[in-house]
Trainee: 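Mind having a look at this structure? Questions to follow.
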Amino acid sequence: MTGSATHSAIEAVWRIESAKVIAGLARRVRDVGLAEELAQDALLAALETWPRTGVPDNPGAWLMATAKNRALDHFRRDKLLERKHEELAGEMELEQEIAATDREAALIERMDDDIGDDLLRLVFVACHPVLSTEARTALTLRLLCGLTTDEIARAFLVPEPTIAQRIVRAKRTLAETRVPFEVPRKDELAARLASVLEVVYLVFNEGYSATAGEDWMRPALCEEALRLGRILAELVPKEPEVHGLVALMEIQASRAHARIGPSGEPILLLDQDRSRWDHLLVRRGLAALARAEQLGGGLGPYALQAAIAACHARSRTAEETDWTRIAALYDALAQIAPSPVVELNRAVAVAMAFGPAEGLALVDALASEPALKHYHLLPAVRGDLLVKLGRVDEARAEFERAASLTRNAREKKLLLDRASASHKIRVVK
């Protein structure tokens with residue numbers, strides 16, 4: 001294998017194995033920041049060794065073994081071994097180990113414990129509510145997806161130093177607040193799981209509809225969010241909302257190739273060539289939705305959104321879409337997760353099911369909503385409904401206002417094109 005091929009292989013291995021290595025180390029050293037440093041040391045060792053020796057048969061085990069050795073070296077070098085034993089001595093298991101053998105041998109044996117649900121612990125630590133949403137997102141992409149600081153910065157169009165500061169501060173906060181490296185107790189699980197799902201959903205949405213920049217989509221972020229969601233579904237298989245979120249992401253991701261034209265221009269849902277949808281992803285999404293429904297307890301916010309996406313996925317053409325059911329699902333979503341954005345989406349569904357005048361009345365009721373004051377989709381939706389009602393001059397003004405509010409270049413051009421098209425409709429009349 002050539003040097004460049006080996007480096008590519010190492011990058012691929014790191015993306016796959018880094019989260020497991022960091023998770024295993026974090027349980028052992030009780031410090032996420034230190035765990036990542038030790039894992040990075042192991043990565044550097046691989047970059048130095050594997051080009052000469054070749055990629056080992058079990059690269060993940062090699063990285064973990066190397067990182068464990070680095071951990072032991074760290075404790076010895078910094079004279080922290082005694083302190084680590086004092087921290088762990090409260091555990092009966094370790095007390096018995098220490099009684100049976102010398103202290104260092106006990107720590108080495110502890111390092112070889114079975115991994116168990118370390119990865120799930122790391123998920124809950126990286127997405128802990130003590131961190132800001134931005135910090136949780138950056139740390140999750142760093143620790144669980146193996147993305148570099150530069151990759152995260154480019155994905156979110158944020159300066160690299162800003163992302164680096166968020167990650168450093170997040171690790172410091174976790175250490176200072178002594179966030180335990182554990183799966184939350186049952187009474188805390190629902191709230192903590194909601195924090196995790198929120199981060200995964202935010203990552204996916206930023207990839208699916210980029211808030212700023214030249215591209216309408218960033219598929220790499222969608223893929224990372226999907227990977228995280230699938231891992232989470234395996235780790236907590238009895239949580240319906242996890243399957244609901246996976247279902248939503250699978251179905252939404254199935255449209256990726258149809259959402260963008262040859263020149264990168266956006267193609268809206270009703271104009272998409274549905275033969276270009278990825279039907280394997282659709283089937284996976286519908287299966288995940290079925291699992292969420294089978295677990296019972298009523299559909300949560302993510303599962304309801306997945307059910308809405310499923311209505312589109314099951315329709316062979318845009319004309320066959322069951323908008324009445326979609327409107328009813330939005331009614332249910334508004335009951336359990338009320339928000340102005342949900343109400344705006346419900347207005348669109350009502351307009352499609354019962355006519356643009358009905359939808360416009362709901363949209364106009366949201367005009368004074370503070371949360372939507374700078375939300376470009378409010379005037380965009382209003383413009384679309386005004387076109388359907390023949391009020392093209394008003395529609396043009398709404399599309400132009402929407403274009404002024406968006407920070408995404410592709411979306412801005414789409415809205416300005418729609419403003420221009422509405423003007424042509426007026427001239428023809």
Side-chain angles (χ1 to χ4, degrees), residues 19-20 22-28 30-32 35 90-91 93 113-145 170-171 173-205 224-250 285 287-307 332-333 335-339:
K20 298 174 188 174
I22 294 169
L25 290 167
R27 175 173 60 86
R28 294 165 171 100
R30 300 295 197 269
D31 185 324
V32 171
E91 299 178 33
E93 181 184 348
D113 280 354
D114 183 46
I115 288 177
D117 55 0
D118 288 345
L119 194 56
L120 185 58
R121 293 187 182 105
L122 184 61
V123 169
F124 280 108
V125 169
C127 298
H128 198 283
V130 73
L131 304 175
S132 69
T133 301
E134 294 82 5
R136 278 183 277 153
T137 302
L139 195 61
T140 296
L141 289 172
R142 175 75 171 179
L143 298 182
L144 293 163
C145 298
K171 293 177 188 173
T173 299
L174 292 174
E176 290 175 349
T177 55
R178 297 180 182 273
V179 169
F181 190 74
E182 63 185 17
V183 175
R185 293 187 298 273
K186 192 171 183 180
D187 57 338
E188 299 176 349
L189 184 61
R192 292 284 301 281
L193 186 60
S195 176
V196 173
L197 296 180
E198 178 191 16
V199 170
V200 177
Y201 188 48
L202 285 172
V203 172
F204 182 85
N205 275 350
E224 293 298 343
L226 258 176
R227 185 161 71 92
L228 282 175
R230 290 166 182 162
I231 290 171
L232 200 57
E234 292 179 3
L235 294 173
V236 283
K238 295 184 179 180
E239 292 293 334
E241 269 294 79
V242 175
H243 296 293
L245 178 56
V246 171
L248 174 61
M249 294 191 296
E250 299 276 17
L289 178 59
R291 283 193 290 275
E293 292 170 341
Q294 288 163 5
L295 286 167
L299 297 184
Y302 295 114
L304 280 172
Q305 291 177 75
L333 183 60
Q335 290 294 317
I336 64 171
S339 81

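This is a predicted model, so every value here is computed, not measured.
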Trainee: Calculate, to the nearest 0.5 Å, the distance between atoms CG and CG belonging to L248 and L289 respectively.
Mentor: 10.0 Å
Trainee: Can you give me the closest heavy-atom contact between T173 and T177, atom names plus distance?
Mentor: O-OG1, 2.6 Å
Trainee: First locate atom CG of L25, then atom NZ of K20, and finally report the distance between them rounded to the nearest 0.5 Å.
Mentor: 14.0 Å
Trainee: Determine whether V203 and L228 make a side-chain contact, defined as any pair of heavy atoms from C-beta on separated by less than 4.5 Å.
Mentor: no
Trainee: Can you tell me how far CG of L299 sits from CG of L304, rounded to the nearest 0.5 angstrom?
Mentor: 5.0 Å
Trainee: Does E250 reach the main-chain N or O of V246 with its side chain, forming a donor-acceptor pair under 3.5 Å?
Mentor: no
Trainee: Drop me the distance from F204's CZ to E224's CD, to the nearest 0.5 angstrom.
Mentor: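 That separation rounds to 12.5 Å.
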Trainee: What closest approach, in Å, do A306 and G244 show between heavy atoms, and which atom pair accounts for it?
Mentor: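 Taking A306 first and G244 second, the nearest heavy atoms are CB-O, 3.6 Å.
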Trainee: Which pair of heavy atoms, one from C127 and one from T140, lies closest together, and at what distance?
Mentor: SG-OG1, 3.3 Å
Trainee: Report the C-alpha distance between R192 and S195 in whole Å, list the side-chain angles of each, state the deciding distance to 0.1 Å, and finish with yes or no for side-chain hydrogen bond (donor to acceptor under 3.5 Å, both in side chains).
Mentor: CA-CA 5 Å; R192 292 284 301 281; S195 176; over 6 Å; no
Trainee: Could you give the distance from CG (L119) to CZ (F124), rounded to the nearest 0.5 Å?
Mentor: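 Nearest 0.5 Å value for the CG-CZ distance: 11.0 Å.
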Trainee: Backbone N or O of A126 within a donor-acceptor pair of the R136 side chain at under 3.5 Å?
Mentor: no
Trainee: Let's go through D118 and R28 carefully: what are the C-alpha distance in whole Å and the side-chain angles of both, what is the deciding distance for side chain to side chain contact (heavy atoms under 4.5 Å, CB included) to 0.1 Å, and is it a yes or a no?
Mentor: CA-CA 10 Å; D118 288 345; R28 294 165 171 100; 4.3 Å; yes
Trainee: Using the rule given for side chain to side chain contact (heavy atoms under 4.5 Å, CB included), can you reason through R227 versus L144, listing the C-alpha separation, both sets of side-chain angles and the distance that settles it, and then say yes or no?
Mentor: CA-CA 10 Å; R227 185 161 71 92; L144 293 163; over 6 Å; no
Trainee: Under the criterion side chain to side chain contact (heavy atoms under 4.5 Å, CB included), I'd like the reasoning laid out for L193 against V242: C-alpha separation, chi angles, the key distance, then a yes or no.
Mentor: CA-CA 9 Å; L193 186 60; V242 175; 4.0 Å; yes
Trainee: Would you compute the distance between atom CZ of R178 and atom CG of D31 and round it to the nearest 0.5 angstrom?
Mentor: 11.0 Å
Trainee: Begin from the C-alpha positions of V200 and M249 and carry the test side chain to side chain contact (heavy atoms under 4.5 Å, CB included) through to its verdict.
Mentor: CA-CA 10 Å; V200 177; M249 294 191 296; 3.8 Å; yes
Trainee: Measuring only between side-chain heavy atoms, which start at C-beta, is L232 closer than 4.5 Å to L197?
Mentor: yes
Trainee: Give a yes or no answer on whether the side chain of H243 reaches the backbone of P237 with a donor-acceptor pair at less than 3.5 Å.
Mentor: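 Checking the backbone N and O of P237 against the side chain of H243, a donor-acceptor pair under 3.5 Å is found.
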Trainee: Within the 4.5 Å heavy-atom criterion, are L174 and L139 side-chain neighbours or not?
Mentor: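 Touching, per the 4.5 Å side-chain cut-off.
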Trainee: Check for a donor-acceptor pair, side chain of E241 on one end and backbone N or O of A303 on the other, with a separation under 3.5 Å.
Mentor: yes
Trainee: Answer with yes or no whether the side chains of E198 and Y302 bring together a donor and an acceptor at under 3.5 Å.
Mentor: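 No, no side-chain donor-acceptor pair sits under 3.5 Å.
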